[in-house]
**Q** 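I have a structure here, written as structure tokens, and I will follow up with some questions on it.
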Amino acid sequence: MVKFNRFTLDNGLRVIVHEDSTTPMAVLNILYDVGARDEDPGQTGFAHLFEHLMFGGSVNIPDYDQPLQRVGGENNAFTSNDITNYYITLPSANIETAFWLESDRMLSLAFSKKSLEVQRNVVIEEFKQRYLNQPYGDVWLHLRPMVYKNHPYQWATIGKEIKHIEDAKIEDVKAFFKKHYNPQNAIMVVGGDVKTEEVKQMAEKWFGPIPAGEKYHRNLPQEPDQHEERRETVTAKVPLNDVYIAFQMGGRLDEQYYVCELMSDILSRGNSSRLYRKLVREKHLFSEIHAYMSGSLDKGMFVFEGKPLENVSVETAEAAIWEELERLKTEDIPDHELTKVKNKTESTMIFSEMSLLDKAMNLASFELLGDAGLMNEETGKYLAVTGEEIKQQANKIFRRDNSSTLIYLAEKVA
């Protein structure tokens, strides 16, 4: 059980404090409630570009990293389709440095044309290296628009195309910052060897004076249920063929989310899982195969991905995946199999409560979902899932007319 205290500043910044005197370290984590789903369809990649710009210096602190390194701190950030998250870990005696750095970034970035140019080039290079020039790198640029026709999940966090980043102007960037990077749109978690009262004083001192900003009200186009099979085939210079089958599923707050998570574990967690045992070890059809969920806040994706062995046709491989799904839909799940994945999940949850940074990130995520205290109820929700619920959910999701299949073919060398 993770204990915490919480308070909200007058400007709307939500603050959660987790006191842990067993460590000499502290973490300051700020989650901004903005992700790629909040971008204009004609200006994508902005949330991710911002993550980079946030390290380009703020008005009073031209170099973000230097003062942090001087006090033994480390920092990083990530962007998803739903959120942008920044974190600092450092010795707890120096925690005020983290308050100083993060509050200045929230107050105002140094919007210089030079910083924009530098970070724009970094992001463009990342787009090319990770998405365009890497084997299978552009999978999500194909698969997302197949699964999502209305919702802004149809583009990856990097953006739809490089041109959107190339065309980003300083005034567009400033407008995006003003709209999303304000106290009302952020959740701050401070954890480690800290006291709530001290955190409160520092939060008031450093973040209290920052204007609340205008409240952003999200009104995204929702994705209708899918009732048609979608398919696409691409050929590229990759070492092996690859098969992707994606299904629409409920969002993170859907009551069936936990059922789906255990279902993906039964299918694909470890060498004793169904897909590995059947399709890799017994039938020798795939070199590797995985099942996983996107975990999105809005309507999510349940994805299967497998690389068939060279002597196995794509058709045979695809049929074998469907055969396993039919088995899940029609046969009862043995108790020992369900117990095993529940035990694994329970131990994962326990491990995630051991790392200070993981705890801070989880508290922020659950507060975004509605209440940081939900973190302590997670394990119980997994343990309550029944085999019958998994069967029902498999029948609901794994339908041909709810599938988007991407076949990735390796170019034949003449």
Side-chain angles (χ1 to χ4, degrees), residues 1-34 68 71-78 82-107 181-213 215 252-253 297 348-381:
M1 173 119 170
V2 178
K3 292 183 177 169
F4 62 90
N5 297 311
R6 60 148 77 86
F7 56 90
T8 303
L9 300 185
D10 290 344
N11 58 14
L13 178 67
R14 287 176 273 173
V15 185
I16 291 171
V17 186
H18 166 64
E19 298 181 6
D20 179 359
S21 56
T22 64
T23 170
M25 301 300 286
V27 60
L28 188 149
N29 187 90
I30 296 191
L31 181 154
Y32 285 96
D33 183 9
V34 56
L68 189 58
V71 296
E74 292 179 353
N75 73 87
N76 215 328
F78 63 86
D82 293 311
I83 63 166
T84 311
N85 194 79
Y86 299 86
Y87 56 89
I88 292 176
T89 54
L90 75 179
S92 61
N94 302 328
I95 185 69
E96 194 156 9
T97 301
F99 276 85
W100 169 60
L101 286 166
E102 285 299 342
S103 62
D104 208 57
R105 288 208 289 195
M106 189 186 284
L107 175 68
Y181 282 78
N182 59 54
Q184 289 190 77
N185 213 35
I187 297 165
M188 178 164 77
V189 179
V190 183
D193 190 13
V194 295
K195 291 279 179 279
T196 302
E197 209 38 58
E198 289 167 11
V199 169
K200 208 168 196 169
Q201 287 167 9
M202 284 187 273
E204 292 285 4
K205 174 183 171 183
W206 292 105
F207 288 90
I210 300 173
K215 183 72 181 150
R252 181 63 184 81
L253 285 168
L297 291 180
T348 304
M349 304 298 284
I350 292 165
F351 277 118
S352 76
E353 289 180 10
M354 291 171 81
S355 149
L356 189 57
L357 181 59
D358 284 347
K359 271 191 284 198
M361 283 188 191
N362 282 333
L363 284 167
S365 299
F366 282 105
E367 185 66 14
L368 182 69
L369 291 176
D371 177 7
L374 292 168
M375 178 178 173
N376 294 319
E377 297 170 19
E378 278 289 88
T379 306
K381 287 178 178 173

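Quick caveat: nothing in here was measured; it's all calculated off a predicted structure. Heavy-atom basis, side chains included; hydrogens, waters and symmetry copies ignored.
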**Q** With rounding to the nearest 0.5 angstrom, report the CD1 to CD1 distance, Ile30 to Ile83.
**A**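 Interatomic distance, Ile30 CD1 to Ile83 CD1, rounded to 0.5 Å: 13.0 Å.
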**Q** Check side chain to side chain donor-acceptor pair (under 3.5 Å) between Tyr86 and all other residues, then give those that pass, not counting sequence neighbours.
**A**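 Here the qualifying residues are Tyr181.
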**Q** Does Asp20 have any salt bridge (Lys or Arg N to Asp or Glu O under 4.0 Å) partners at least two apart in sequence or in another chain, and if so, which?
**A**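 By the salt bridge (Lys or Arg N to Asp or Glu O under 4.0 Å) rule, Asp20 matches Lys359.
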**Q** Would you please name every residue forming a side chain to side chain donor-acceptor pair (under 3.5 Å) with Thr8, sequence neighbours left out?
**A**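 So Thr8 forms no side chain to side chain donor-acceptor pair (under 3.5 Å) with any residue.
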**Q** Any pair with a residue in residues 371-380 that passes salt bridge (charged side-chain N to carboxylate O under 4.0 Å, His left out), sequence neighbours left out, goes on the list, sorted by first then second residue, please.
**A**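 Sorted result for residues 371-380: Arg6-Asp371, Arg252-Glu378.
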**Q** Which residues satisfy the side chain to side chain contact (heavy atoms under 4.5 Å, CB included) test with Ala98, sequence neighbours excluded?
**A**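 Scan of Ala98 (side chain to side chain contact (heavy atoms under 4.5 Å, CB included), adjacent residues dropped) gives Leu28, Ile88, Leu90, Ile95.
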**Q** Excluding sequence neighbours, so at least two apart, what forms salt bridge (Lys or Arg N to Asp or Glu O under 4.0 Å) with Lys205?
**A**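 Once residues adjacent in sequence are excluded, the partners of Lys205 under the salt bridge (Lys or Arg N to Asp or Glu O under 4.0 Å) criterion are Glu96.
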**Q** With a 4.5 Å limit on heavy-atom distance, are the side chains of Leu297 and Leu369 in contact?
**A**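 In short, these two side chains touch, coming nearer than 4.5 Å.
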**Q** Does anything in residues 186-204 pair up under salt bridge (charged side-chain N to carboxylate O under 4.0 Å, His left out), and if so which pairs, sequence neighbours excluded?
**A**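 Salt bridge (charged side-chain N to carboxylate O under 4.0 Å, His left out) check on residues 186-204 returns no pairs.
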**Q** With a 4.5 Å heavy-atom cut-off, do Ile210 and Asn182 have their side chains touching?
**A**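 The answer is no, as the side chains (C-beta and beyond) never meet within the 4.5 Å cut-off.
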**Q** Please report the interatomic distance CG(Leu368) to CG(Leu374), rounded to the nearest 0.5 Å.
**A**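 Going from CG on Leu368 over to CG on Leu374, the span is 11.0 Å.
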**Q** List the atom of Trp206, the atom of Ser103, and the distance in Å for their closest heavy-atom pair.
**A**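 For Trp206 versus Ser103, the nearest heavy atoms are O-CB, 3.3 Å.
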**Q** Under the ring pair (Phe, Tyr, Trp, His ring centres under 6.0 Å) test, which residues partner Phe99, sequence neighbours left out?
**A**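 Not a single residue meets the ring pair (Phe, Tyr, Trp, His ring centres under 6.0 Å) criterion with Phe99.
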**Q** Determine whether more than 12 heavy atoms belonging to other residues, nucleotides or ligands lie under 6.0 Å from atom NZ of Lys3.
**A**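 Incorrect, the count does not exceed 12.
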**Q** For Gly72 and Pro91, work out which heavy atoms get closest and say how close.
**A**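 Taking Gly72 first and Pro91 second, the nearest heavy atoms are O-CD, 3.5 Å.
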**Q** Is there a side-chain contact between Met106 and Leu13 in this structure, where contact means two heavy atoms from C-beta onward sitting under 4.5 Å apart?
**A**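 Counting from C-beta outward, Met106 and Leu13 do come under 4.5 Å.
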**Q** Identify, with sequence neighbours excluded, every residue that meets side chain to side chain donor-acceptor pair (under 3.5 Å) alongside Thr379.
**A**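 Checked Thr379 against side chain to side chain donor-acceptor pair (under 3.5 Å); zero matches.
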**Q** Please name the pair of heavy atoms, one in Met361 and one in Asn29, separated by the smallest distance, quoted to 0.1 Å.
**A**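 Heavy atoms of Met361 and Asn29 come nearest at CG-OD1, 3.5 Å.
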**Q** With rounding to the nearest 0.5 Å, note down the distance linking CD1 in Ile16 to CG in Leu363.
**A**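 Rounded to the nearest 0.5 Å, the CD1-CG separation comes out at 5.5 Å.
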**Q** Can you check whether Asn376 reaches Phe366 side chain to side chain, under 4.5 Å on heavy atoms?
**A**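 Answer no - side chains too far apart.
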**Q** Donor-acceptor pair, distance only, cut-off 3.5 Å: does the side chain of Asn185 make one with the backbone of Val34?
**A**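 No.
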**Q** Suppose we screen for side chain to side chain donor-acceptor pair (under 3.5 Å). Which residues come up paired with Arg105, at least two apart in sequence or across chains?
**A**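 Side chain to side chain donor-acceptor pair (under 3.5 Å) list for Arg105, sorted by chain: Tyr64, Glu102.
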**Q** Side chain to side chain contact (heavy atoms under 4.5 Å, CB included) with Pro209: which residues, sequence neighbours excluded?
**A**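 For Pro209, no residue satisfies side chain to side chain contact (heavy atoms under 4.5 Å, CB included) once neighbours in sequence are set aside.
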**Q** Using side-chain heavy atoms (C-beta onward) and a distance below 4.5 Å, is His18 in contact with Leu356?
**A**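 Of all side-chain heavy-atom pairs linking Leu356 with His18, at least one is under 4.5 Å.
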**Q** Sequence neighbours excluded, which residues qualify as side chain to side chain contact (heavy atoms under 4.5 Å, CB included) partners of Thr348?
**A**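 Partners of Thr348 by the side chain to side chain contact (heavy atoms under 4.5 Å, CB included) criterion, ordered by chain and then number, come out as Arg269.
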